[in-house]
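The figures here come from the full heavy-atom set of this structure, side chains too, leaving out hydrogens, waters and symmetry mates. First listed ligand is number 1; within each ligand, the first listed atom is number 1.
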Amino acid sequence: MGRQKIDGKKKKFSSKRTPDKQNASVEEEPPAKKTPLIPWGDHLAWKTIHTSEEAFMEDGEGFLSLEELEDDGTFDIPAGEASVKAASLPEKKEKPKKKRKRKSKKKDKERNEADDVDEAAIPDGRDEDGEPPQEVSEAWARFGLHPVAMGLRLWLLIGVAMGTRAVRRLAASIGAPAESKFTQPAKIQEESSVAIQSRQDVIGAAETGSGKTLAFGLPILHRLLCEMDEQDSRRASGAMASGEDGEMVTGDDGDSGDESEEDGGGMEDQAREETELDGEAGEAMEPEEQGITEVEDVDVEQLENVDDWEMQQPEKSTREDGLRALIIAPTRELALQVNDHLQKMAKNTRVRVAPIVGGISAQKQRRLLNMRPQVIVATPGRLWEYMDMGDEHLCNLQKLEFLVIDEADRMVEKGYFAELTSILGKLPQHPKKGEDARAAGKGKTQSKKQKQQEHQEPEGEEAETAAAATGSDGEAGRQTFVFSATLALPPSLRKRLKLGESQLKSARKVERSSAMEDLMAQIQFRGQPKVVDLTSSRITASSLLEAMIACSEDERDFYMYYLLNRYTGRTIVFCNAISALRRVSGILRQLEVPAVALHSNQQQRQRLKALDKFKSGAATVLVASDVAARGLDIPKVRCVIHYQVPASADIYVHRSGRTARAGMDGLSIALVTPPERHRYIAVCKSLDRESGLSEFPVEAAYMPTVRERVKLALKVDALDRTQSKDHAEKAWFRRNAEQMEMMVEEEDEDDDKARMLRKEAQKLRTAQAALKANLAKPLLPQSGGMLGKFLGQGERLEAQQAAAGGSELQKSEAVAAFNADSTGSSKSSNIASLAKKGPTRQQRAAQKAQQKNKESTAGERSKKKHRRST
Ligand SMILES: Nc1ncnc2c1ncn2[C@@H]1O[C@H](COP(=O)(O)OP(=O)(O)OP(=O)(O)O)[C@@H](O)[C@H]1O
């Protein structure tokens, strides 16, 4: 009931496989027009696809292993209900199990979590939270994606709508939060879809967390998959013509595929054993020095992301395949995240994705490059290093079809630009109309080896691949994406971009004024790029609530601690300087806040461990430098605290953008001290917020305990450091004395110093005991049974934010409402109030607002109740 077969009479999704090839081939025809079985199915570019068995079979992770397969191998899409049928799959060929202990534990955990979803308890299409299914958008259909790429999206959407177990797992595997509000392509993805159909270049700017990665990821995956189809068909028809076995070509996952997977598994395991990150340059700080909770105890399994760099399909491609897509991102973490995202999307396809970033050992980097992945995600420094060394794969750029520059505004900054310029200089020229792509594709600065290779004319398959690279429609050359959340294009440049490349070049000498213009002039666009600017005048995400707290330097730690306690969700505390970051980490450690530190002076391994600990929830606070400001997509970050005012508006926007992602709510609070006032005003001005951010209401009743506690923590931390230093000195002295075979007598120690040390140790013990006692106390003594809980303001803020319902003005009013005093002047006067101290007015206002909010929430609740009952 309520279920419709997707195949109808004409079309059949078949999971039948040729018995000896162990492959699933899917053939479809367009759905019958009369009864569109999937509402958006008519718009799909139905194609024959060849996909691996795993896509359909493996442990519920493939997109057709949805337990919706019928006896005859077709599958149903439930319409209007989410009940699912037990799978009746052809028996799966047992593969010899390889040792995969480390991975399997984590996978099992994920599976168990997913298995917790009781599907029987999901009646009439509601998800397990009892929410009715959301409308599935038809907007994806306009993309005309390759069915595999489209499949990911479709199943993601159906999964979001219905919450079925396997699909939710898939959605999770491609990194989309199940609670995400995206039930259709994000705006930037929609606007960039021209990149798929017409292969137009795109310069895109959209708010943080708005889905830019998929905006370039999907076109790349789509194109590469289409080309593989074409290659397969050509090979199949070639084989037929030459009288070979005419069996359907099934890609790499036939018997040989099994074998290669075995090998691959072996290689992967071996690689895992071997894989160690570089102990690269840069000062390696001891955890104690960082003042962070130990990360050394992190289980290796938590570092899956490190091992996952190993490509998902380790069999290497041929040299003829060449590099197809080059994605450049400014930080290692961001590059690894994009790499991870694309790898997950390309799972179960023959598209291979690999990272080239600093911190990966040279041995491993070499191994990855030897596998000749079609897609490379890189940071400019490491990429240029390998290109400059003449790496064969990286210099084989004739078939490069995609160039992506992510976080472009950062790329034009000092420290990136020189390398980026060199990389761009290596890229082949676009072929002129009618010119042979391969002839034109010879870069300006090719390695010797490469030039020799090119003198040998490609034959057969190679020629076919080259033809495919130029596009069957005669389209040739590389497609470029330039993306950022804060891409400031000067109006003159915008105008010239509209005019097209030739005008851009001719105008550049006279008019070029910014680094961004330099970059645009160096990038060879194919013609007229499409400029997609989705940034609003607000620039930050619309679901982000922003506020500030004006405080003295001494008070900054108090407010930070207050905020961490009042907003217990995942929080990132951003610092400008590593010294401040260490200090904050030290205090938090003493205050028993589960925090980890992340900054550029750490070894890459430490950086990843910290991120992993934060992502896994083992730490709820990340104390970070701006290395974490851009691009990082960490789910469920509720709050960003700018412990120090960032150096520029761009950094402010990117830092704040670590929360309120994918349509979720988030809070960003800047702590502003008098010396930072000018910087704060400049940031506000750049963001067109002349009146400054709304002042965040602080509940003064909490502050006495907060102050006392933080002061104690500071004291303990200072004493702790002194003592560690003394111990280190003593140990050093003893070590050296031993080496010189000197006797060290206790009397050698200065009596006064020894007494002082004992005194210090006693002080530390007393302070530690006092802090411990304080930590055992609730933050707000007389709070009528709500002790230690974070009720009140956090929830009220959320309620007000929700009530504000999206408009910027309303949202800033939502924050302002907390401070609103009888004169209502708090917002306009907040810059002026920076130097002021004393929260009495705030306190009164907060209490008033609290009272008001209680009343309105109670009123709302009773109204809702009434509505429900009627
Ligand atoms: N159409 C979609 N459906 C579901 N989830 C999506 C969709 N598009 C993106 N997402 C999710 O939204 C989140 C943010 O996406 P992404 O990291 O690409 O943002 P971004 O615009 O690149 O952010 P930033 O500017 O900070 O780098 C990711 O978790 C991603 O999985």
Side-chain angles (χ1 to χ4, degrees), residues 134 136-143 145 149-150 152-161 167-168 170-193 202 204-218 220-221 327 329-331 333-345 377 404-411 481-487 532-535 539-544 572 615 626 628-637 640 650-664 666 668:
Q134 298 173 49
V136 173
S137 162
E138 292 182 30
W140 285 111
R142 285 197 291 276
F143 280 54
L145 283 171
M150 185 67 183
L152 287 172
R153 299 288 84 203
L154 280 178
W155 289 111
L156 163 64
L157 295 176
I158 294 165
V160 168
V167 190
R168 285 167 64 87
L170 174 68
S173 84
I174 66 165
E179 66 273 38
S180 152
K181 287 179 188 165
F182 288 101
T183 50
Q184 54 185 12
K187 192 99 172 87
I188 185 74
Q189 293 157 4
E190 184 126 37
E191 293 284 328
S192 309
S193 64
V202 177
E207 65 185 34
T208 49
S210 58
K212 293 187 284 294
T213 312
L214 280 184
F216 60 77
L218 281 174
I220 293 175
L221 186 64
I327 299 160
T331 65
E333 282 77 9
L334 180 54
L336 290 172
Q337 177 184 291
V338 172
N339 172 74
D340 202 43
H341 206 130
L342 297 186
Q343 274 191 352
K344 280 173 179 161
M345 284 169 69
V377 190
V404 179
I405 300 180
D406 200 9
E407 304 291 350
D409 54 339
R410 180 90 171 119
M411 292 294 211
F481 296 90
V482 180
F483 276 118
S484 175
T486 48
L487 194 63
V532 179
D533 185 359
L534 301 176
T535 51
I539 306 182
T540 46
S542 52
S543 53
L544 178 76
I572 305 183
K615 280 184 183 171
D626 286 323
R630 279 170 184 268
L632 288 190
D633 186 45
I634 302 166
K636 296 181 187 162
V637 174
V640 164
D650 277 7
I651 301 177
Y652 171 81
V653 170
H654 285 285
R655 280 180 178 185
S656 307
R658 294 321 96 208
T659 182
R661 298 178 70 73
M664 308 290 283
S668 157

Should the proximity of T213 to ligand 1, defined as any heavy atom under 4.0 Å, be assigned to the side chain, the backbone, both, or neither?
both

May I ask you to check if ligand 1 and T208 share an N or O to N or O distance below 3.5 Å?
no

Of the listed options M664, Q189, Q337, E207, closest to atom 9 (C) of ligand 1 (non-hydrogen atoms):
Q189

Is the shortest distance from a heavy atom of R658 to ligand 1 less than 4.0 Å?
yes

A206 to ligand 1, any heavy atom closer than 4.0 Å:
no

If you count the atoms of ligand 1 from 1 in the order shown, which ones are under 4.0 Å from a heavy atom of S210?
19 (O), 20 (P), 21 (O)

Rounding to 0.5 Å, atoms CZ (R630) and CG (D626) come to a distance of 9.0 Å

Criterion side chain to side chain contact (heavy atoms under 4.5 Å, CB included) on V404 and I220, from CA distance to verdict:
CA-CA 10 Å; V404 179; I220 293 175; 3.9 Å; yes

Between A485 and ligand 1, is there a nitrogen or oxygen pair with a distance under 3.5 Å?
no

Tell me the contacting part of R661 for ligand 1: side chain, backbone, both, or neither, using a 4.0 Å heavy-atom threshold, strictly below.
side chain

R658 vs T208, test: side chain to side chain contact (heavy atoms under 4.5 Å, CB included). Steps then yes/no.
CA-CA 8 Å; R658 294 321 96 208; T208 49; 3.7 Å; yes

Which atoms of ligand 1 sit under 4.0 Å from any heavy atom of L214?
8 (N)

If you count the atoms of ligand 1 from 1 in the order shown, which ones are under 4.0 Å from a heavy atom of E407?
27 (O)

Looking only at non-hydrogen atoms, which of A541, G211, A186, G631 approaches atom 19 (O) of ligand 1 most closely?
G211

Tell me the contacting part of R630 for ligand 1: side chain, backbone, both, or neither, using a 4.0 Å heavy-atom threshold, strictly below.
neither

Run the salt-bridge test on R661 and D633 with the 4.0 Å N-O cut-off and return the result as yes or no.
yes

Can you name the atoms of ligand 1, numbered from 1 with element, that are less than 4.0 Å from a heavy atom of A662?
12 (O), 13 (C)

Residues two or more places apart in sequence or in another chain: which of them pass side-chain contact (heavy atoms from CB on, under 4.5 Å) with A215?
I188, Q189, S192, F483

Residues two or more places apart in sequence or in another chain: which of them pass side-chain contact (heavy atoms from CB on, under 4.5 Å) with E207?
S210, A541, S542

Logged contact type for H341 with ligand 1, heavy-atom cut-off 4.0 Å, is side chain

